[in-house]
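See below for the structure under consideration.
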Amino acid sequence: SESKAYANAHKEQRKVYNARYYAEHKERIAEQAKAYRKRTAPERRKRRKAEYAADPERFKRASREWQAANPEKRFTQRLRKYGITADEYRALLSRQGGGCAICGLKSSGDRRGGRLHVDHDHGTGRVRGILCNNCNLGIGKLGDDPERLRRAALYLRTRKRASAAD
């Protein structure tokens, strides 16, 4: 049609105009996009739930593929939860000697590719350090309670001596 021919003939002019328009109205466009996402969120959520229910394996496969193709993005997404960047994670890990803050292990030994876990205070959200999977689970199972950890260590020391005496 005539409008397609015009559009094709003026493609570069439209590209320049659109770039300039976006630069001049960036905030307003971002606000409109945010409002649209908010307005349509329930509908999109409902549609995704229905799609997932119809074929959950497709979604799981797509998620695994994306994570494999974008390991650094997935890593930074996980860190965002703790309010730190990938560079801050690496700096903290380096200050700990490159391993778990408790046992020194260099790899977590879990299914996440060996990356160590961010340990944080559940009350304040403040990051305490980087731990391997076992140390992270251990202090978590003991309720992040230093007194329980001390008693557990005492228990192990006394039982070790008792079993050695037998």
Side-chain angles (χ1 to χ4, degrees), residues 18-157:
N18 287 343
R20 188 173 58 239
Y21 182 88
Y22 179 77
E24 292 172 2
H25 301 91
K26 194 174 190 174
E27 292 82 20
R28 190 177 66 130
I29 292 169
E31 287 171 15
Q32 289 173 338
K34 187 176 181 179
Y36 174 80
R37 285 192 304 274
K38 186 176 181 180
R39 190 174 60 249
T40 61
E43 176 187 314
R44 285 182 288 117
R45 213 176 359 262
K46 185 178 176 182
R47 187 172 55 242
R48 278 197 60 89
K49 277 187 173 184
E51 289 172 357
Y52 181 84
D55 189 2
E57 279 308 309
R58 181 178 70 100
F59 279 80
K60 291 174 185 175
R61 186 175 51 255
S63 177
R64 282 190 302 271
E65 288 169 1
W66 183 89
Q67 288 179 35
N70 301 285
E72 192 63 21
K73 281 185 182 179
R74 181 65 183 130
F75 176 52
T76 57
Q77 284 176 343
R78 294 179 93 83
L79 294 178
R80 198 174 305 138
K81 174 172 142 181
Y82 305 107
I84 64 172
T85 66
D87 289 338
E88 291 168 328
Y89 173 94
R90 290 183 188 101
L92 179 56
L93 189 59
S94 178
R95 286 194 303 273
Q96 294 179 189
C100 173
I102 295 173
C103 70
L105 196 66
K106 304 290 185 199
S107 173
S108 73
D110 68 0
R111 62 183 173 79
R112 294 182 334 147
R115 191 170 274 140
L116 298 168
H117 300 261
V118 175
D119 174 47
H120 66 289
D121 183 308
H122 291 256
T124 65
R126 190 179 64 80
V127 173
R128 295 186 289 218
I130 311 294
L131 302 177
C132 71
N133 191 48
N134 288 337
C135 291
N136 191 42
L137 288 173
I139 66 171
K141 295 287 185 188
L142 291 170
D144 293 349
D145 181 352
E147 183 55 29
R148 284 178 76 186
L149 287 164
R150 189 191 64 72
R151 288 194 315 264
L154 180 63
Y155 170 83
L156 289 173
R157 278 193 293 273

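Worth knowing before you read on, the calculation uses all heavy atoms, side chains too, and leaves out hydrogens, waters and symmetry mates.
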Query raised in the report: Do E43 and K46 have side-chain heavy atoms sitting under 4.5 Å apart?
Result: no
Query raised in the report: If you measure from CG on N134 to NE2 on H117, what distance do you get to the nearest 0.5 Å?
Result: 8.5 Å
Query raised in the report: How are the rings of H120 and Y82 set to each other: parallel, tilted or perpendicular (split at 30° and 60°)?
Result: tilted
Query raised in the report: Distance only, no hydrogens: is a donor on one side chain within 3.5 Å (strictly under) of an acceptor on the other, for R74 and Q77?
Result: yes
Query raised in the report: Which pairs with one or both residues in residues 20-34 pass salt bridge (Lys or Arg N to Asp or Glu O under 4.0 Å), sequence neighbours excluded?
Result: none
Report task. Not counting sequence neighbours, list each pair that qualifies as a salt bridge (Lys or Arg N to Asp or Glu O under 4.0 Å) and has a residue in residues 130-154. Result -> R128-D144, E147-R150, E147-R151
Requested in this report: To the nearest 0.5 Å, tell me how far L137 CG sits from L142 CG.
Outcome: 11.0 Å
Query - Pair I139-I102, side chain to side chain contact (heavy atoms under 4.5 Å, CB included): steps then yes or no - result: CA-CA 10 Å; I139 66 171; I102 295 173; 4.1 Å; yes
Query raised in the report: Quick one: CZ on R90 to CD1 on I84, what's the gap to the nearest 0.5 Å?
Result: 10.5 Å
Query raised in the report: Do L116 and Y89 come close enough that some side-chain heavy atom pair is under 4.5 Å?
Result: yes
Requested in this report: Mind running side chain to side chain contact (heavy atoms under 4.5 Å, CB included) on K60 and Y52 for me, showing each step along the way?
Outcome: CA-CA 9 Å; K60 291 174 185 175; Y52 181 84; 3.2 Å; yes
Report task. Report yes if the side chains of Q96 and L92 come closer than 4.5 Å at any heavy-atom pair, otherwise no. Result -> yes
Query raised in the report: Y21 and I29: side chain to side chain contact (heavy atoms under 4.5 Å, CB included), yes or no, with the steps?
Result: CA-CA 10 Å; Y21 182 88; I29 292 169; 4.1 Å; yes
Query - Option from L93, D119, L131 for which side chain to side chain contact (heavy atoms under 4.5 Å, CB included) with C100 holds - result: L131
Query - Any side-chain donor near an acceptor of the partner, E72 and T76, under 3.5 Å - result: no
